[in-house]
Number of protein chains: 2
Amino acid sequence: MKSLLSNLKISVPDKIYLKDPESSKLGKRIIEHSILLIDKIGFDCFTFKKLGVEIGSNESSIYRYFESKHKLLLYLTSWYWAWIEYQMVFTTYNVHNPTKKLLKAIEVVTKTIEKDDTFSHINEILLNKIIINESSKSYLTKEVDIENKQGYFIVYKRLVKRLRDMILEINADYKFASSLASTIVDGALHQHFLKAHFTSITDCDANISPSDFFKELAVNAITITK
Amino acid sequence: MKSLLSNLKISVPDKIYLKDPESSKLGKRIIEHSILLIDKIGFDCFTFKKLGVEIGSNESSIYRYFESKHKLLLYLTSWYWAWIEYQMVFTTYNVHNPTKKLLKAIEVVTKTIEKDDTFSHINEILLNKIIINESSKSYLTKEVDIENKQGYFIVYKRLVKRLRDMILEINADYKFASSLASTIVDGALHQHFLKAHFTSITDCDANISPSDFFKELAVNAITITK
DNA sequence: TCAAAAGTAATAGTATTACTATCATATTTG
DNA sequence: CAAATATGATAGTAATACTATTACTTTTGA
C-alpha cells in the first residue's frame, strides 16, 4: 500500500531539470508549448530558440529550466510513463484475478490515448504521439549508461517491472516475464507507429488495436507453459 | 523460385545514393569506415567531415555518394536487412515443415551476429550494433511518409512480410500475423539493446537469448488458437 | 514599504554542423 | 592522347546548441 501511494504522484526524477517547470508559469508554458512544437515540427527540428518565439519568451530563459533539448525530452518521457503508471496502478488496484489484472494493465499501456483534463497544460494525446515518434531517441545515445546510472530512466523501468510482476502472478515459472513486459511496452509504441506509417506490416487498423494483439499474445505466452 | 533468386543479391534501393558506393574503391571505404566511426562515436555525433579525416579523403567527395548522413544511414539499414533476408531465404529454403521453417527464420532475424567474411569491407558485427542503436532513427522522422513512398524502406518491409507468410503457413487463421512478424523484428533489436544497457527489464543475458524468447512466444501465439 | 533576492529578457558571442559552390588536379577510358 | 570522370581543396552560408554578461522586473520577507 505504501509502495503504491508513494508513486501515485506524477513526479519526474529531479536531476533531469535545472529548475522545476511545475514551479512557475513560464515553466508550465515551456512544457505546454514544447509538446505542441515537437509534435508539429519533430524533435530533430525543434530548438529552444523556436520554442522561445512560440511562447514569446527568450531562449536563455528556457535554458534556465533545461540544460538541453535532450533533457527536455527526458522530462517529457518520464512524465508520460509516470502518468501511465499512475493509471495502471489505479485501474488494477482492486482487481484480484491475476489474468484480469494483467489484461487491464496491458490495456492501459497499449491503448490509444484519450483526452485527460487533469493536467491542464499537458496535451496527453500529442504527448503520446511524441512518445511514439521520439521517445526512443532519449535512450539511443552514447550517454545512455551514464544517464541510466543517474536515474533518468527509472520511471520507464519501474513501469516495465510492474507489468513483469503481474505476469509472474499468473505464472511464476514463466521464464521470460521481463522480456515479455518490455516487449509489450516497446512493441505497442511500434505498432502505433506502423499503423500510422507502415500499414502493410501491421494488422492494427481502425478495427484491430495494438491492445487486442498484445493481450492475446501475452495470455498465450504465459498460460500455455503453465 | 524466380522470386527467391531475384532477391538473393544484397541490393539497396538505388534512390538512396547519388553514386553507388559499391562502384568504386572510395565508395567502399566510405561504407567500411562509416560503420567503424558510427559505432565508435554514435550516429548523432557522426559527420562527413570526421569521416573524411578518418579515410584521408575530402568531405565534398563523400557528398558525391550520399546527399546526407541520413541517406547513408538508410543505405546501411537497407544493406543490413537485405543481408538478413538473404540468410533467411537461404536457410529456410529446403525446410518443408512450416514450424521448423519459421523457427529457423526467427533464429536468423533475432540472433547475435557473427563474423561473415563474404563482404570484406563490411563488418557485420559492428553493423548489427548500429542497427540496434541507430536504425530506428532512419524512420522516426517527419519525412517518413515521403521517403516511404520513394521506397526507402522496402527491404525492411519485405523481410517482415516474408516472416508473416511463414506464420500464416502454420496457421492461416491467425489474425495478427503481420503484427507478430513486425514485433519479432523490432522486438529482437530492443531486447539486444536492453541486454546491453537496461539489464533489469529483460531476461536476455549470457544464457537466455532473444531468439529463445521470440521462438517460444511465436509458437505459442500461433498454435494455441489453431 | 523598501531593499534584497530571485526570475526573466536582451544581446552578443562561439564552435560546430550540414551543407553548397567553385575550381583545380588526378585518374580512367575510348 | 584527349575527353570525360573522379577526387581534392578551399571558401562560404545559415542554422544549431549552446555560454556569458548585463539589465530589467517581480516577488518576498524583515
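Residue numbering restarts at 1 for every chain, and letters A, B, ... go by the order of the sequence lines. None of the values given here were measured: they were computed from a predicted structure.
Tested against A/H121 for a side-chain hydrogen bond (donor to acceptor under 3.5 Å, both in side chains), the candidates A/K25, A/R29, A/E22 yield a single pass: A/E22.
For B/S135, the side chain to side chain contact (heavy atoms under 4.5 Å, CB included) criterion is met by B/T77, B/I131, B/L189, not counting sequence neighbours. In this structure, the salt bridge (charged side-chain N to carboxylate O under 4.0 Å, His left out) partners of B/D44, at least two apart in sequence or on a different chain, are B/K137. Partners of B/K71 under the salt bridge (charged side-chain N to carboxylate O under 4.0 Å, His left out) rule, at least two apart in sequence or in another chain, are B/E67. Evaluation of the ring-ring contact (aromatic ring centres under 6.0 Å, His included) rule for B/F176 yields A/F213, B/Y174 as partners, not counting sequence neighbours. Under the rule for a salt bridge (charged side-chain N to carboxylate O under 4.0 Å, His left out), the partners of B/K215 that lie at least two apart in sequence or sit in another chain are B/E107. In this structure A/F66 satisfies the ring-ring contact (aromatic ring centres under 6.0 Å, His included) test together with A/Y75, sequence neighbours excluded.
Taking the 5' to 3' direction, DNA chain D first and last meets chain B under 4.0 angstrom from a heavy atom at D/dA6 to D/dT10.
Note: A/S23 OG to A/Y65 OH = 5.5 Å, rounded to the nearest 0.5 Å. For the atom pair CD1 of B/I31 and CG of B/L51, the computed distance is 9.0 Å after rounding to the nearest 0.5 Å. Distance check: B/T183 OG1 to A/D186 CG gives 9.0 Å after rounding to the nearest 0.5 Å.
The aromatic rings of B/W83 and B/Y80 lie tilted to each other, with the angle between the two planes from 30° to 60°. Relative orientation of the A/Y156 and A/W81 rings is tilted, given thresholds of 30° and 60° on the angle between their planes. Using the six-membered ring where Trp is involved, B/F193 and B/H197 have ring planes that are tilted, between 30° and 60° apart. Taking the six-membered ring where tryptophan is involved, the planes of A/F198 and B/F153 are tilted, since the angle between them lies from 30° to 60°.
Rounded to an integer number of Å, the gap from A/E22 CD to C/dG7 C1' is 18 Å.
Within residues 23-37 of chain B, the residues approached by DNA chain D to less than 4.0 Å at the level of any non-hydrogen atom are B/S24, B/L26, in residue-number order. Within residues 38-62 of chain A, the residues having any heavy atom closer than 4.0 Å to DNA chain C are, in order of number, A/S57, A/N58, A/S60, A/S61. For the contact set between residues 67-77 of chain B and DNA chain D, defined by any heavy atom under 4.0 Å, there are no members.
In this structure the side chain of A/I55 reaches within 4.5 angstrom of the side chain of A/I30, judged on heavy atoms. Between A/T199 and A/D205, the closest side-chain pair of non-hydrogen atoms is not below 4.5 Å.
Side-chain N/O atoms of A/S178 and B/T202 include no donor and acceptor closer than 3.5 Å.
In this structure, the helix from C/dT1-D/dA30 to C/dG30-D/dC1 shows an angle of 20° between the axis at its start and the axis at its end, each fitted on 5 base pairs and rounded to 10°.
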A correct 5'-to-3' footprint of nucleotides 24-30 of chain C, with B, S and - meaning base, sugar-phosphate only and no protein heavy atom under 4.0 Å, is -------
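Using a 4.0 Å heavy-atom distance criterion, A/F66 is classed as making no nucleic acid contact.
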